[in-house]
J.: 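Structure below; questions to follow.
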There are 2 protein chains.
Amino acid sequence: MPKRVDHAERRTEIAKALVRVAGRRGLHAVGMRDVAAEAGVSLRLVQYYFETKEKLLLYGLQHLAERFGERVAARSRTVGDNPGPRAMIEALLMASLPTDEESRAFHLVYTSYAVLAVTDPALAAQPFIRNPDAAEDVLAGLLRQAQEADLVAPGVDVQLEAASLLAMSAGLGTSVLVNQRSPRSAVAVLEHHLNRIFQGSDQDP
Amino acid sequence: MPKRVDHAERRTEIAKALVRVAGRRGLHAVGMRDVAAEAGVSLRLVQYYFETKEKLLLYGLQHLAERFGERVAARSRTVGDNPGPRAMIEALLMASLPTDEESRAFHLVYTSYAVLAVTDPALAAQPFIRNPDAAEDVLAGLLRQAQEADLVAPGVDVQLEAASLLAMSAGLGTSVLVNQRSPRSAVAVLEHHLNRIFQGSDQDP
DNA sequence: ACCATCGTGGTACGTTCGTATCACGAAGAA
DNA sequence: TTCTTCGTGATACGAACGTACCACGATGGT
């Protein structure tokens with residue numbers, strides 16, 4: 001039975017198990033045995049594909065970042081074929097809000113990694129630090145695009161507004177995560193600022 | 001030597017040690033023995049004053065919230081005797097940004113607690129969930145006060161702007177914490193939005 | 001057909017953690 | 001004084017963790 005196995009696929013499956021159990025019980029409470037059980041494999045196998053726990057965590061973070069990218073892309077595709085910049089921005093921001101159970105787990109694990117990264121140099125060096133910067137540039141690009149289409153006033157500082165929206169989204173996301181704020185009200189706050197930036201363009205039916 | 005001892009004082013000192021070491025190495029890496037060593041007492045004493053680790057964490061969170069209140073109060077007092085609402089709001093927002101080493105530790109530990117609270121019911125029930133709500137009301141009150149003094153346009157939704165500023169502050173704080181954004185630029189973003197809300201009033205020398 | 005290697009299981013080891021137990025000196029109450 | 005309670009130390013215990021070790025069946029190369 002034990003043929004040659006695709007390592008990458010196996011590693012991904014285990015990483016997915018890691019994210020699942022971390023989303024359920026918190027990353028701090030996850031051990032290798034838990035990951036093994038969740039993935040339905042033996043402890044030895046987790047050791048085999050990731051020699052050490054640190055490597056497992058690192059790979060888990062990578063996997064999480066990838067999944068986030070896919071999530072945003074999927075949400076973007078939902079808004080239609082030729083969405084305006086605003087619809088695209090909305091999709092991007094809403095995708096990073098912990099609305100359903102999956103994205104809640106997502107936010108939780110991501111925040112856990114962020115906390116770990118403050119004290120763990122190996123994690124701090126990961127691209128997870130570079131990704132949000134890229135997101136800010138993308139958002140700023142969309143805003144500039146909207147500006148050139150006269151949807152946004154020329155005086156608006158797009159880079160700064162992009163940073164603001166992202167920071168707000170992150171802050172609101174955390175509030176939603178700890179059940180301090182409802183997803184609905186978080187969306188309302190973001191919509192308000194989009195309305196402000198896209199002055200003159202109104203859209204809530 | 002062993003006279004009667006003020007329990008509250010002792011507990012506070014131990015809680016301070018907990019926060020210190022958690023700020024240095026991350027809350028996840030803190031054990032009772034570390035706290036004992038940091039406080040300069042024996043492990044037994046930590047056990048004696050807090051029977052269980054959970055109680056220690058709970059008390060630590062309380063202590064942290066209190067210190068945050070004092071921190072904000074102190075920062076408010078700095079702005080002078082009769083500060084305008086804007087100066088007060090600035091003090092409040094800047095106080096919750098991780099600028100110096102102390103407030104960095106502060107943010108880190110606070111965020112760690114937030115992550116734990118998602119999966120730990122005992123922590124989730126703590127006032128730490130209620131505090132930010134109060135902060136939002138205070139901020140909204142200050143904005144309304146400014147509105148009545150004609151420093152803020154009448155059309156502004158103060159509650160919503162308060163929520164926005166707080167969310168932004170939290171999000172920016174995290175960015176600063178993971179060295180993804182400089183404190184200076186975080187301050188700039190906040191200042192921008194204060195300038196927007198306090199339209200017409202300018203103040204940076 | 002043989003052998004090296006791969007995938008896998010089981011299990012043991014050393015450490016660390018939170019907690020519990022035993023012991024004892026000092027101080028206030030009687 | 002005598003005794004009870006308080007504060008403190010040292011140490012032990014059981015569990016859980018990450019990791020290492022050993023064994024073995026299956027497979028592919030030669």
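Chain identifiers are assigned alphabetically (A, B, ...) following the order of the sequence lines, protein sequences preceding nucleic acid strands; residue numbering begins at 1 within each chain.
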J.: Can you tell me if A:Ser103 uses its side chain to pair, donor with acceptor, with the backbone of A:Phe106 under 3.5 Å?
T.: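 Checking the backbone N and O of A:Phe106 against the side chain of A:Ser103, no donor-acceptor pair under 3.5 Å is found.
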J.: Strictly below 4.0 Å: does A:Thr52 bring a side-chain N or O up to OP1 or OP2 of D:dG18?
T.: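 For D:dG18, neither OP1 nor OP2 has a side-chain N or O of A:Thr52 closer than 4.0 Å.
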J.: Separation of A:Glu51 atom CD from D:dC21 atom C1', in whole Å?
T.: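 In whole Å, D:dC21 C1' lies 15 Å from A:Glu51 CD.
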J.: To the nearest angstrom, how far is A:Tyr48 atom OH from D:dA20 atom P?
T.: 15 Å
J.: Which sits closer to the 5' end of DNA chain C, A:Val41 or B:Gly31, going by the nucleotide each is nearest to?
T.: A:Val41
J.: Should the pair B:Arg11 and B:Tyr49 be classed as cation-pi, given the thresholds of under 6.0 Å to the six-membered ring centre and 45° from the axis?
T.: no
J.: Expressed as a whole number of angstroms, how long is the span from A:Arg25:CZ to D:dC17:C1'?
T.: 14 Å
J.: For A:Gln47 and D:dA20, what is the distance between atoms CD and P respectively, to the nearest whole Å?
T.: 7 Å
J.: Need one value for B:Tyr49: base, sugar-phosphate or nothing, where a base atom within 4.0 Å counts as base even if backbone is also close, heavy atoms only.
T.: sugar-phosphate
J.: Report yes if at least one side-chain N or O of B:His7 is closer than 4.0 Å to OP1 or OP2 of D:dG7; otherwise report no.
T.: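 B:His7 to D:dG7 OP1/OP2: side-chain N or O found under 4.0 Å.
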J.: If you only use heavy atoms from C-beta on, which nucleotide in C:dT8, C:dT11, D:dT8 is closest to the side chain of B:Arg10?
T.: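 Nearest to the side chain of B:Arg10 among the choices is D:dT8.
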J.: Calculate the interatomic distance between B:Leu43 atom CG and D:dC13 atom P; express it in whole Å.
T.: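 One finds 16 Å between P of D:dC13 and CG of B:Leu43, rounded.
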J.: Would you say the side-chain atoms of B:Asp34 pair up with the backbone N or O of B:Gly31, donor to acceptor, closer than 3.5 Å?
T.: yes
J.: Measure the distance from CE on B:Met32 to C1' on C:dA20 and round it to the nearest whole Å.
T.: 14 Å
J.: For A:Lys53 and for B:Leu45, locate the closest nucleotide of DNA chain D by heavy-atom distance; then report the residue assigned to the nucleotide nearer the 5' terminus.
T.: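 Result of the comparison: B:Leu45.
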J.: For a quick check, tell me whether the side chain of A:Arg44 and the base of C:dG7 share a donor-acceptor pair closer than 3.5 Å.
T.: no
J.: Grab the NE2-C1' distance between B:His28 and D:dC17 for me, whole Å please.
T.: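 So the two atoms are 14 Å apart, to the nearest Å.
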J.: Can you tell me if B:His107 and B:Thr174 form a side-chain donor-acceptor pair at under 3.5 Å?
T.: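 Side chains of B:His107 and B:Thr174: no pair found under 3.5 Å.
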J.: Grab the CZ-P distance between B:Arg33 and D:dT11 for me, whole Å please.
T.: 13 Å
